[in-house]
Asks: 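The structure under discussion is supplied below as structure tokens; questions concerning it will follow.
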2 protein chains.
Amino acid sequence: MADQSPVEESPSRGRRADAQRNRQTVLAAAAEVFVTSGVDAPIRQIAARAGVGMATIYRHFPTRADLVTAVYRHQIEECAEAGPNLLASADSPFDALRQWIDLFVDFLVTKHGLADALQSESDRFAALHSYFLDRLLPVCAQLLDAAVESGDIRPGTQPYELMRGIGNLCIGRDSDPRYDPRRLIALIFQGLQRPHAP
Amino acid sequence: MADQSPVEESPSRGRRADAQRNRQTVLAAAAEVFVTSGVDAPIRQIAARAGVGMATIYRHFPTRADLVTAVYRHQIEECAEAGPNLLASADSPFDALRQWIDLFVDFLVTKHGLADALQSESDRFAALHSYFLDRLLPVCAQLLDAAVESGDIRPGTQPYELMRGIGNLCIGRDSDPRYDPRRLIALIFQGLQRPHAP
DNA sequence: TACTAAATGGAGCGGCGCTCCGGTTCAGGT
DNA sequence: ACCTGAACCGGAGCGCCGCTCCATTTAGTA
């Protein structure tokens with residue numbers, strides 16, 4: 001009970017009941033299709049899966065980025081909220097940062113093509129890019145600052161550069177055993193540490 | 001004089017003269033278009049620029065990867081040949097490796113969209129990927145081995161992982177001053193060094 | 001010059017993103 | 001219970017693209 005919180009997702013407030021239902025149907029279909037065909041799957045395919053017309057999808061999610069954002073909103077939110085929690089629970093700010101980045105990487109490699117989309121050459125995913133940055137950059141910055149404060153990390157690292165670098169390293173099919181982005185990220189981490197720990 | 005070396009590029013040997021001319025025309029047009037529109041530019045656009053039909057392009061370069069490969073072949077070759085040279089001229093194998101990677105990065109960031117193509121989600125560029133790997137992976141491995149041998153770099157790093165990581169870090173528009181792949185690559189480098197240099 | 005195989009180019013097909021519009025359904029007032 | 005207009009829906013349609021097929025042209029040779 002009380003599944004419907006008092007504050008509903010903004011895009012579905014005030015809409016007609018059938019519209020809200022369709023919105024959820026589309027979201028579910030898109031989530032399924034994204035798993036099998038990636039975030040670049042044809043809109044027609046998602047529409048067919050959901051049993052609706054294409055216009056319905058475009059009405060609810062004007063751009064593809066809006067759709068992707070909506071599908072992964074919960075997980076992005078989880079990742080964002082995990083930041084402060086880790087900072088409180090981990091042994092050190094350094095550990096908190098490492099664990100958070102583990103979370104971030106897990107998220108990216110799990111959702112096929114998500115990292116690709118984030119750095120897509122065209123501007124199709126500009127909105128997605130913005131949403132990621134708006135939500136996660138402050139978290140990353142906070143963790144980074146804390147680790148600098150505690151002396152584990154040397155100052156001067158830009159959160160944007162770190163996040164985009166990690167995102168880039170996660171691009172591509174993960175089937176090749178010769179490539180594990182985590183190993184390179186660990187290397188970057190090592191480089192981030194102060195040369196002479198206290 | 002003697003511009004035409006005895007051993008010509010294999011794909012143009014034995015062809016009719018007009019075919020060879022067209023091949024060069026297409027190559028030049030593609031190079032121009034790639035600069036402005038990236039390696040994903042429509043084939044029609046390249047054909048129009050070259051003043052030929054689309055079939056002509058497809059005949060000479062069956063896949064888009066073949067065309068891209070041909071356009072950048074010289075520069076890839078230069079990069080590959082620079083490896084041994086640097087190993088001979090640089091102060092140390094470590095320096096040679098660093099300089100070579102600088103070269104590699106320059107190449108990737110200069111050619112808009114090339115790094116993107118190398119890790120493209122679809123398999124359109126499989127041939128390009130293979131060519132890069134076949135030509136450059138041994139060079140990278142040689143430099144890496146030399147640096148390990150000399151004690152500057154700790155062993156265990158896979159050349160493939162390093163090259164793909166660097167390639168990934170170079171993905172995306174380079175207009176953003178907040179992101180410079182070189183800084184992160186330098187960080188990886190730092191992590192690659194032996195913890196305690198002799 | 002006449003002949004033949006190589007080379008050409010653009011029409012054509014299927015697929016995709018995105019929009020537009022006629023028909024349908026809901027929700028609130030009587 | 002019904003009426004009505006506003007919200008909503010679906011898919012036909014347009015433009016763009018990758019790729020192929022084949023009638024036509026052209027280079028090289030006898």
Side-chain angles (χ1 to χ4, degrees), chain A residues 8 10-30 33-34 36-69 113 117 120-128, chain B residues 8-30 33-34 36-70 113 117 120-128:
Chain A
E8 190 67 0
S10 54
S12 44
R13 269 188 65 82
R15 302 295 171 88
R16 244 166 59 174
D18 57 340
Q20 292 189 35
R21 245 183 298 121
N22 265 339
R23 189 176 196 277
Q24 290 309 117
T25 306
V26 167
L27 236 31
V33 172
F34 284 170
T36 62
S37 307
V39 295
D40 270 317
I43 295 288
R44 276 178 172 83
Q45 189 177 335
I46 299 172
R49 180 82 156 218
V52 303
M54 289 184 304
T56 301
I57 296 185
Y58 279 107
R59 180 161 312 102
H60 286 298
F61 311 100
T63 76
R64 184 180 224 91
D66 294 325
L67 179 56
V68 177
T69 303
S120 176
E121 181 158 359
S122 69
D123 292 354
R124 286 179 306 164
F125 291 103
L128 178 61
Chain B
E8 189 67 1
E9 215 87 68
S10 55
S12 46
R13 270 188 64 83
R15 303 295 172 87
R16 246 166 55 173
D18 58 339
Q20 293 188 34
R21 246 183 296 120
N22 267 337
R23 189 177 196 277
Q24 291 309 118
T25 307
V26 167
L27 237 30
V33 173
F34 285 169
T36 62
S37 307
V39 294
D40 269 318
I43 296 287
R44 276 179 172 83
Q45 188 178 336
I46 299 172
R49 179 83 158 218
V52 302
M54 288 185 303
T56 301
I57 296 185
Y58 279 107
R59 186 179 327 280
H60 287 297
F61 311 99
T63 76
R64 182 179 227 93
D66 294 325
L67 180 55
V68 177
T69 303
S120 176
E121 181 159 359
S122 68
D123 291 355
R124 286 178 306 165
F125 291 102
L128 177 61

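Reminder, nothing fancy here: chain letters follow the sequence lines and each chain counts from 1.
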Asks: Please report, rounded to the nearest Å, how far the C1' atom of C:dA7 is from the CD atom of B:Gln20.
Replies: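 About 13 Å, once rounded to whole Å.
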
Asks: Look at B:His60 and C:dA7 and indicate whether a side-chain polar atom (N or O) is within less than 4.0 Å of OP1 or OP2.
Replies: no

Asks: What I want to check is whether an N or O donor and acceptor connect the side chain of A:Arg44 with the base of C:dG15 at under 3.5 Å.
Replies: no

Asks: Does B:Arg16 make a side-chain donor-acceptor contact with the base of C:dA7, cut-off 3.5 Å?
Replies: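 Check fails, no donor-acceptor contact within cut-off.
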
Asks: OP1, OP2 of D:dC9 versus side-chain N and O of A:Asn22: anything below 4.0 Å?
Replies: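 True: A:Asn22 side-chain N/O within range (under 4.0 Å) of D:dC9 OP1/OP2.
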
Asks: In whole Å, what is the span from the CD1 atom of A:Ile57 to the C1' atom of D:dG11?
Replies: 13 Å

Asks: Taking for each residue the nucleotide of DNA chain C bearing the nearest heavy atom, is the 5' side occupied by B:Thr56 or by A:Thr63?
Replies: B:Thr56

Asks: At under 4.0 Å between heavy atoms, what does A:Ala55 touch on the DNA or RNA strands: base, sugar-phosphate, or nothing?
Replies: base

Asks: B:Met54 CE to C:dA11 P: how many Å, rounded?
Replies: 9 Å

Asks: Between P on C:dT19 and CZ on A:Arg59, what's the gap in Å once rounded to a whole number?
Replies: 12 Å

Asks: Testing the basics here: between B:Val39 and B:Ala117, what is the closest heavy-atom pair and its distance to 0.1 Å?
Replies: CG2-CB, 3.8 Å

Asks: How many Å lie between CD on B:Gln45 and C1' on D:dG18, as a whole number?
Replies: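 The distance from CD of B:Gln45 to C1' of D:dG18 comes to 14 Å, rounded to the nearest Å.
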
Asks: Relative to the 5' end of DNA chain D, which residue comes earlier, B:Ala17 or B:Arg124, by the nucleotide with the nearest heavy atom?
Replies: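 Comparing both residues, the 5'-ward one is B:Arg124.
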
Asks: A:Tyr58 has a side chain; which of C:dG17, D:dG10, C:dC26 sits nearest to it?
Replies: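 For A:Tyr58, the side-chain atoms sit closest to C:dG17.
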
Asks: Give one of base, sugar-phosphate or nothing for A:Ala47, where a contact means two heavy atoms less than 4.0 Å apart.
Replies: nothing

Asks: CG of B:Asp40 versus P of D:dC17: gap in Å, rounded?
Replies: 12 Å

Asks: Could you check whether any side-chain N or O of A:Ser37 sits under 3.5 Å from a backbone N or O of A:Phe34, counting only pairs where one atom can act as donor and the other as acceptor?
Replies: no

Asks: B:Thr69 and B:Asp66: side-chain donor and acceptor closer than 3.5 Å?
Replies: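 No, no side-chain donor-acceptor pair sits under 3.5 Å.
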
Asks: Check B:Arg16, B:Arg15, B:Arg21 against B:Asp18 for a side chain to side chain donor-acceptor pair (under 3.5 Å) and give me the one that passes.
Replies: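 The single option meeting the side chain to side chain donor-acceptor pair (under 3.5 Å) with B:Asp18 is B:Arg16.
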
Asks: Specify the residue among A:Ile43 and B:Ala19 whose closest nucleotide of DNA chain C lies further upstream toward the 5′ end.
Replies: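 This one resolves to B:Ala19.
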
Asks: Going by distance alone, is a donor N or O of one side chain under 3.5 Å from an acceptor N or O of the other, for A:Asn22 and A:Thr25?
Replies: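 There is no such pair between these side chains.
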
Asks: From CD1 of A:Ile46 over to P of C:dG17, roughly how many Å is that when rounded to an integer?
Replies: 8 Å

Asks: Whole-Å distance between D:dA7 P and A:Arg23 CZ?
Replies: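 Taking CZ of A:Arg23 and P of D:dA7, I get 18 Å after rounding.
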
